[in-house]
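There's a structure below that I have some questions on.
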Amino acid sequence: QVHLVESGGGLVQAGGSLRLSCTASGRTFSMYAMAWFRQAPGKERESVAAINRSGSSTDYTDSVKGRFTISRDNAKNTVSLQMNSLQPADTAVYYCAAARTSYLSEYYFTEDEYDSWGQGTQVTVSS
């Protein structure tokens, strides 16, 4: 497992932007597929974006496509989520997750694939 720490959450008005970052401990960050999940009050946690080990492949849930961008820097052990055109429906606690995998090209959208989680960072979008 890897220790994950998120940062960058906060309060923003609708239409604004935020950038979340997740820093991982250890020297094997490039062995992990990464993802961002979120959980809104009273709702189940849902996947937002995922990225493979090299950063060459990404995917997004439909509601954030064209607005959010996931990226990673393996040299700095970080994965980021750039969030633009934020909407009140994006309000949630955002979690970074890591899944160790032997497959360079794969990423995952299901919680069960991930065995390391950050503590979460709150994102609040006001209307």
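Just the heavy atoms: all of them, side chains too, but no hydrogens, waters or symmetry mates, feed the values below. All of these numbers come straight from a predicted model, not from anything done at the bench.
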* To do: Run through Thr121, Leu11, Leu86, Val125 and flag the one making a side chain to side chain contact (heavy atoms under 4.5 Å, CB included) with Leu18.
  => Leu86
* Leu81 side, atom CG; Ser21 side, atom OG - distance, nearest 0.5 Å -> 9.5 Å
* Asked: Do Gln82 and Ser80 meet the criterion of a side-chain donor-acceptor pair at a distance under 3.5 Å?
  ->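 Gln82 vs Ser80: no donor-acceptor pair found between side chains.
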* Value rounded to 0.5 Å, distance of CZ in Arg100 from CD in Glu113 -> 15.0 Å
* What is the minimum heavy-atom distance between Gln1 and Asp115, and which atoms define it? -> NE2-O, 3.0 Å
* With side chains defined as the heavy atoms from C-beta onward, is the minimum distance between Val79 and Trp36 less than 4.5 Å? ->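 They are in side-chain contact.
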* Can you run down the disulfide bond (SG atoms under 2.5 Å apart) pairs that involve residues 59-121, sequence neighbours left out, and say none if there aren't any? =>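 Qualifying pairs: Cys22-Cys96.
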* Starting at CD of Glu46, measure out to OG of Ser63 and round the result to the nearest 0.5 Å. => 5.5 Å
* Are the side chain of Asn52 and the backbone of Leu104 linked by a donor-acceptor contact shorter than 3.5 Å? ->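 The answer is yes, because a donor-acceptor pair under 3.5 Å joins these two groups.
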* **Pairwise side-chain contact, Arg67 with Ser17, heavy-atom cut-off 4.5 Å (strictly under)** =>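 Not touching, per the 4.5 Å side-chain cut-off.
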* Closest heavy-atom contact between Val2 and Ala24? ->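 It is CG2-CB, 3.7 Å.
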* Asked: According to the ring pair (Phe, Tyr, Trp, His ring centres under 6.0 Å) rule, which pairs have a member within residues 86-118, sequence neighbours left out?
  -> Phe37-Tyr114, Phe37-Trp117
* To do: Taking all heavy atoms of Phe29 and all of Asp73, pick out the closest pair and write down the distance.
  =>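 Looks like CE2-O, 4.1 Å.
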* If you look at every heavy atom in Gln119 and Leu4, which pair is closest and at what distance? ->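 Result for this residue pair: OE1-O, 3.7 Å.
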* Residues Arg38, Val123; criterion side-chain contact (heavy atoms from CB on, under 4.5 Å); working and verdict -> CA-CA 9 Å; Arg38 67 186 180 186; Val123 171; over 6 Å; no
* Asked: What pair of heavy atoms forms the shortest contact from Arg53 to Ser30, and how long is it?
  ->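 In terms of heavy atoms, the two residues are closest at NE-O, 2.8 Å.
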* Structure fact -> When every non-hydrogen atom of Ala14 is compared with those of Pro88, the smallest separation belongs to CB-CD, 4.1 Å
* Can you tell me how far OG1 of Thr101 sits from CE of Met31, rounded to the nearest 0.5 angstrom? ->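 Taking CE in Met31 and OG1 in Thr101, the distance rounds to 7.5 Å.
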* Take Thr124 and Gln122 through the test side chain to side chain donor-acceptor pair (under 3.5 Å) and record every step on the way to the result. => CA-CA 6 Å; Thr124 303; Gln122 176 70 46; 3.3 Å; yes
* Looking only at side chains, do Thr23 and Asn77 share a donor and an acceptor under 3.5 Å apart? -> no
* Is there side-chain contact between Tyr60 and Val48, with heavy atoms separated by less than 4.5 Å? -> no
* OG1 on Thr78 to CZ on Arg72, rounded to 0.5 Å -> 9.0 Å
* If you round to the nearest 0.5 Å, how far is OG1 of Thr58 from NZ of Lys65? ->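 One gets 10.0 Å once the value is rounded to the nearest 0.5 Å.
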